[in-house]
Student: 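Sharing a structure, written as structure tokens. Questions coming.
First the proteins, then the strands, lettered A, B, ... as listed; each starts at 1.
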Amino acid sequence: MNNLILLVPLLPFIGFLVNGLFRKSLSKTMTGVIGSGVILAAFAISIYLFLQVRSGGAIPTSVYFDFINIDKLNVQFAFQVDQLSSLFLLIITGIGFLIHLYSTAYMHEEKPEHFARYFAYLNLFVFSMLLLVMGANFVIMFIGWEGVGLCSYLLIGFWFKNTNYNYAAKKAFVMNRIGDLGFLLAIFWIIAKLGTSNYADVFASVKSFTPAELTGITMLLFVGAMGKSAQIPLYTWLPDAMAGPTPVSALIHAATMVTAGIYMIARSNIMYTIAPFTSHFVAIIGLATAIFAATIALKQNDIKKVLAYSTVSQLGYMFLGLGVGAYTGAVFHVMTHAFFKALLFLGAGSVIHAMHHEQDIRNMGGLKKYMPITHITFLLGCLAIAGVPPFSGFFSKDEILVGAYNENPLYYYIGLAGALMTAFYMFRLYALTFLGKFRGTHEQQHHLHESPSAITFPLIVLAILSVFGGLLGIPALFAENAHSLEKWLDPIFAGSHEYTTAHHLEHSTEWMMMGVSTLLIVVIIVFAWRSFSRKERFEENKGFGKVLENKWYVDELYDNIIVKPLNGLAGFFKDVFEKNIVDGAVNGVGRLVQYSSRQVRLLQNGQVGSYILVMVLSLIVIVLLFREQTVIVSALRKIF
Amino acid sequence: MIPVLLILIPLISGLISFFIKDVKAAKGWALLSSLVTFAISVAGIWIYNQPANLHYDAAWLPALGSRFTIGLDGMGQILCLLNAVAMPIIFVSTYRNMYQNPGAFYALMLLTQAGMMGVFLAYDCLLFYFFWELALIPAYFLCSQWGGEKRIAVTFKFFIYTFVGSLLMLIGILYLYYKTPDESFALKAFYNVVLTGNEQSFMFWLFFIAFAIKMPIFPFHTWQPDTYEQAPTAATMVLSGVMVKMGIFAVLRWLVPVFPAATEQFSQLIIILSIIGMLYASLIAIRQDDIKRLIAYSSIAHIGLMSAAIFAQEKTGLQGVMIQMFNHGINVIGLWIVADAIESKLGTRKFSQLGGLAQKAPVLAILFVVMALANVALPLTNAFVGEFLMFNGLFRYNIWMSAVAGISIILAAVYSLNMIQKIFFGETNALTEQATEARSNVQWMLAILAVVIIVLGVYPQPMLRLTEDTVNTILAAVK
Amino acid sequence: MPIHYYIILAATLFCIGVIGVLTRRNAIIVFMCVELMLNAVNLMLVAFSKLHYGTYLKNGAMGASGIDGQMFVFFIMVVAAAEVSVGLAIIVMMYRNVHSVDINFLNRLKN
């Protein structure tokens, strides 16, 4: 079993090595087969592991070797497959495989070596993500954590000739690093306290932490999650990450990377449950991000940017769920979000592919008749993300919002407003892209076509999942004991349940909430549909709309309050401080010596007479000193 | 016998090399000698559990009470290995570089190696001082004879700086010598010397300034970027890859255990100084336009962390320092190799004149990315293990200091990625349009380094075990 | 004659010599002043030698003990003679070259 578990991350790593080392000699077909094949194999093993967990419970931790072992610090290279990680394994490898398959068609225009490089990166990405979720301690998780950061850097900057893409890649990496620092400090704190970072040991001895320590650790962990899962204030890298190829966006946003933060908090749920301050903080940050990103998405015109901000917003919901203790709901939303967001990104990719890398939705429209499969699947994805019953998004979002209502009704109302905005911007996107008349150039129109089957097949699979995925978590309202995900994850969250008193809402309240929200969402959808399906002309945004279009000027704000001052400080150090003060002090000593030697040299004036004069005077002084030595010595004694 | 051979082989082959006139013969001779040294140092690690074979003791200057005592402990093993690994890699990767009077050049390189070996091996303070100077003098000549345009001025600065440090240290050594009961220079005698509080702190600074200049620690660092920039790259690799470790090594062997009370007293000050240096150097690195200067400042930042971790006096941190000395040497040599490959190919080191090399030299680009990521201390590269442990030690010392120091890992990402981006990414320009892939010797050496980086990043445990005894000894002396 | 008469005379001669060296610019006069100082020292040596010789004789010492001072005097006279020959030769050379024996003129070693 140990070897089988090891094979799951190892297979993508082998794919990475093969594609990376032999990228010049492999044909594109071979590259695609290897790249997707290893993920498919990993998926197959993941299913087997999942079934094992299902029949026999969590598999005991598999320890491979001592990574670092010093007496006060012991980190094992160990993997843990339990209910939570096996679920993530399925999502990562399953959706990962579909994205790989899709990429074989999407990236087909690249040269073979770049094609192979792309697949190598993609495999490495999956490898890192698998490390992240399979690790049996925080250090292994951190290794995967930084690994996905690296891969996102490589993939966002995949087209490395473009300087802007490189900046976006760098921004992603650096912003992630800020979060990583928090995570790292949290790990140190845990290790300093316990000498180990194994989940089992840490969660078992969680009571030995003082409340202050626990708050500190959980806050620092959450800083890590903010970076990786794009929460305020570290979210700005994610929209820029759209510079990468579209399947990469799907991979980052759906299957890997951004869900890492949710995984981490879900994994350490027990610590958050008994650190109420942090939990509130997580909920508030999540809610703020959900709303904030949704407002920005309302006014974006780039098809991928809309989806990017919608991802940030959906991640905010997941953190809201985690913050209010609806852990199952958060994980459930991770899963359904993985389905429909992968679907939407891949659908957007299909559109971009057909439009020859046009991404502005103002130049699209009427694609319905040219791309029927993409259109239908995209529509299903929009319905799912908008939360229309009975699509998957409805169930997961509802579960989070109910949890939020339990905590504080205000959270619920704000969350609902965000959900309405989601419905609005998604259907604005849908209507502008697929409905109405085509607004692009003739040449684009001429080339419009449905994408090949390697692209449409993943779309169809994901559409089916987006439609029916919600059935895994049917709330108790509809049927008792039908929430299979909750039962599945119960061993993971059991510890937290001990600390929380489950108080269920009245069924009537819940029915009311569900009815109202569904009604409002449908109204919004109809409104968006009607206003944008025949839109022909686009005015410049003014006033508040312009602020939204420019993303609340947050990038500019960061630039002005962080980047520029830091750059200025660095420049000051480099050009002024280092040159004049530090080095200046050193050179100053040198100059002082030279100056004084020049002054002293003046004594050597070449006049024999003056030398002799000095000699005679000195002699006289010495004689006097010698005569009066006792007096002088006693005087010196007095001074010192 | 092994420690004697480690010193003698480079020493003798270096002296012989002075008389070799032929270019190829000089290169071949130097490479051969360095490979033999490497083999011996590996053999030394192989028999790490036979201390009898790893120590040597003979009369040297009986009138002064100084003996020729040398030996290999865990820390010595690692640094001798680094010294022995570095030389063949440097010789092969700069094989194509042409030097005037090659026999003398390689002779000086080998003599430097011999001197550094002696520093890492010496158990007698006078011997240590002797080798310390022996390592520096050839380095001065390397810089002043084969360096860049401003070499004379820069070497002069380098010389004055290190010489001032050395003299201060000499005063300290002599003072301690007269304080030992039987007037001896032996390490053990120094460990047992009894000093008053004032004496300790005074002696501490005499030694510390010498070592701080060598490492270098802010604000004693300004010789370094200039020297690295002007020295011939092969010498720069030796200086930054191995020689700066002399400073750290010396702190661990001759400073902390000898003056435990003063270490305790000044550790906070030095840690703060180191952290300031880390952030300061990282910020300067962000704005550099020259590959060599950037690497130099990044090196200062990394060394700052090591010094902070030493003075935190935590076991994890010290373990981290041990392996990081080796890892940093490997990584920085890798970076220099790339810098040298670019400079010798395109004649410039300015970022503003480079760009788009990834299209022309993809293999070099990939290998450089590995080096740069190791410089960022990404997990599964060797530097991660070291920095993880060092930050851990610092964290145990003080949470806030480790948090502030941690900012440097963010800045490290900024400048390292800047470097990658400006050299390799973007469009090519008129100059880089003509670039070609790096030569195969450079590629192979970088590939070897990359493998070492990753292997040590995934499985660092053997190296940690090797140095554990040394760390315990140091901690025992301090406590 | 009491010893302090000699001492005062020698000291006076020496001071005249010193002042002459310090104040005069003519090389030959400087030279003569140097000789004066040497002879002042010689006078002292002879005087003290005589004094000590007398004391030795009183205590019943034999032979040449106590005359080391007079031997020094001979040495000094020989050295002074050698010096005069070399020094005068230099002054003559100097006069030939620069037509002057002013020592303030001789500051080429400056800088």
Student: Among B:Ala413, B:Gly426, B:Pro460, B:Pro362, which has the most heavy-atom pairs under 4.5 Å with chain A?
Tutor: B:Gly426

Student: Given a strict heavy-atom distance threshold of 4.5 Å, which part of B:Glu314 is in contact with chain A: side chain, backbone, both, or neither?
Tutor: side chain

Student: In Å, rounded to the nearest 0.5 Å, how long is the span from CG of A:Leu220 to CD1 of B:Ile399?
Tutor: 9.0 Å

Student: Of the backbone (N, CA, C, O) and the side chain (C-beta and beyond), which part of A:Phe67 lies under 4.5 Å from a heavy atom of chain B, both, or neither?
Tutor: both

Student: Would you mind checking which part of A:Val586 comes under 4.5 Å of any heavy atom in chain B, side chain (CB onward), backbone (N, CA, C, O), both or neither?
Tutor: side chain

Student: Treating B:Asn392 as the side-chain partner and B:Thr316 as the backbone partner, does any N or O pair qualify as donor plus acceptor under 3.5 Å?
Tutor: no

Student: Need one label for B:Phe388: side chain, backbone, both or neither, based on atoms under 4.5 Å from any heavy atom in chain A.
Tutor: both

Student: Counting only heavy atoms from other residues, nucleotides and ligands, does the tally under 6.0 Å from OH of A:Tyr558 exceed 12?
Tutor: yes

Student: Of the backbone (N, CA, C, O) and the side chain (C-beta and beyond), which part of B:Val376 lies under 4.5 Å from a heavy atom of chain A, both, or neither?
Tutor: both

Student: Evaluate ring pair (Phe, Tyr, Trp, His ring centres under 6.0 Å) for A:Phe127 paired with A:Phe16, printing each intermediate quantity in order.
Tutor: CA-CA 9 Å; A:Phe127 163 73; A:Phe16 158 70; 7.9 Å; no

Student: For B:Lys350, is the NZ atom crowded, meaning more than 12 foreign heavy atoms sit under 6.0 Å from it?
Tutor: yes

Student: In terms of heavy-atom proximity below 4.5 Å to chain A, should B:Ile409 be classed as side chain, backbone, both, or neither?
Tutor: both

Student: Are more than 12 heavy atoms, taken from residues, nucleotides or ligands other than A:Phe22, located less than 6.0 Å from that residue's CZ atom?
Tutor: no

Student: So for B:Phe391, is it side chain, backbone, both, or neither that comes closer than 4.5 Å to the heavy atoms of chain A?
Tutor: both

Student: Which residues in residues 183-192 of chain A have any heavy atom closer than 4.5 Å to a heavy atom of chain B?
Tutor: A:Leu184, A:Leu185, A:Ile187, A:Phe188, A:Trp189, A:Ile191, A:Ala192

Student: Taking B:Gly355, B:Ala358, B:Pro225 one by one, which has the highest count of heavy-atom pairs under 4.5 Å against chain A?
Tutor: B:Ala358

Student: Looking at B:Leu464, B:Ile407, B:Leu378, which has the largest count of heavy-atom pairs under 4.5 Å with chain A?
Tutor: B:Leu378

Student: Out of A:Tyr165, A:Phe77, A:Tyr153, A:Phe142, return the one with the most heavy atom pairs under 4.5 angstrom to chain B.
Tutor: A:Tyr153

Student: Has the side chain of A:Ser596 got a donor or acceptor atom that lies under 3.5 Å from a matching backbone atom of A:Leu592?
Tutor: yes

Student: Anything in residues 111-126 of chain A with a heavy-atom distance to chain B below 4.5 Å? Please list those residues in order.
Tutor: none

Student: Going by atom types only, do B:Thr467 and B:Gln319 share a side-chain donor-acceptor pair under 3.5 Å?
Tutor: yes

Student: Can you label the angle between the B:Phe163 ring and the B:Phe159 ring as parallel, tilted or perpendicular, going by 30° and 60°?
Tutor: parallel

Student: Determine whether more than 12 heavy atoms belonging to other residues, nucleotides or ligands lie under 6.0 Å from atom CZ of A:Phe577.
Tutor: yes

Student: Would you check if the side chain of A:Thr218 reaches a backbone N or O of A:Leu214 as a donor-acceptor pair within less than 3.5 Å?
Tutor: yes

Student: Quick check on B:Leu389 against chain A: is it the side chain, the backbone, both or neither that has a heavy atom closer than 4.5 Å?
Tutor: side chain

Student: Using a 4.5 angstrom heavy-atom cutoff, name the option from B:Val363, B:Val471, B:Val458, B:Val385 with the most pairs to chain A.
Tutor: B:Val458

Student: Give the C-alpha distance, both sets of side-chain angles, the deciding distance and a yes or no for salt bridge (charged side-chain N to carboxylate O under 4.0 Å, His left out) between B:Arg293 and B:Glu229.
Tutor: CA-CA 6 Å; B:Arg293 290 189 82 87; B:Glu229 189 188 4; 2.6 Å; yes

Student: In this structure, are over 12 heavy atoms from other groups packed under 6.0 Å from A:Tyr595 atom OH?
Tutor: no

Student: Quick check on B:Asp226 against chain A: is it the side chain, the backbone, both or neither that has a heavy atom closer than 4.5 Å?
Tutor: side chain

Student: So what's closer than 4.5 Å to chain B heavy atoms on A:Lys24: side chain, backbone, both or neither?
Tutor: side chain

Student: Shorter than 4.5 Å, heavy atoms on both sides: which option in A:Asp583, A:Val174, A:Thr163 has the most such pairs with chain B?
Tutor: A:Asp583

Student: Checking side-chain polar atoms at under 3.5 Å, does A:Ser152 have a donor or acceptor matched by the opposite partner on A:Asn176?
Tutor: no

Student: Salt bridge check, A:Asp66 against B:Arg465: does any charged N sit closer than 4.0 Å to a carboxylate O?
Tutor: no

Student: Once rounded to the nearest 0.5 Å, what's the spacing between atom CE of B:Met322 and atom OG1 of B:Thr470?
Tutor: 5.5 Å

Student: Any side-chain to backbone donor/acceptor pair from A:Lys228 onto A:Trp145? Under 3.5 Å, distance only.
Tutor: yes

Student: Need one label for B:Ile160: side chain, backbone, both or neither, based on atoms under 4.5 Å from any heavy atom in chain A.
Tutor: neither

Student: For the residue pair B:Tyr280 and B:His221, categorise the inter-ring angle as parallel (less than 30°), tilted (30 to 60°) or perpendicular (more than 60°).
Tutor: perpendicular

Student: Can you say whether A:Asn164 sits under 4.5 Å from chain B via the side chain, the backbone, both, or neither, judging by heavy atoms?
Tutor: neither

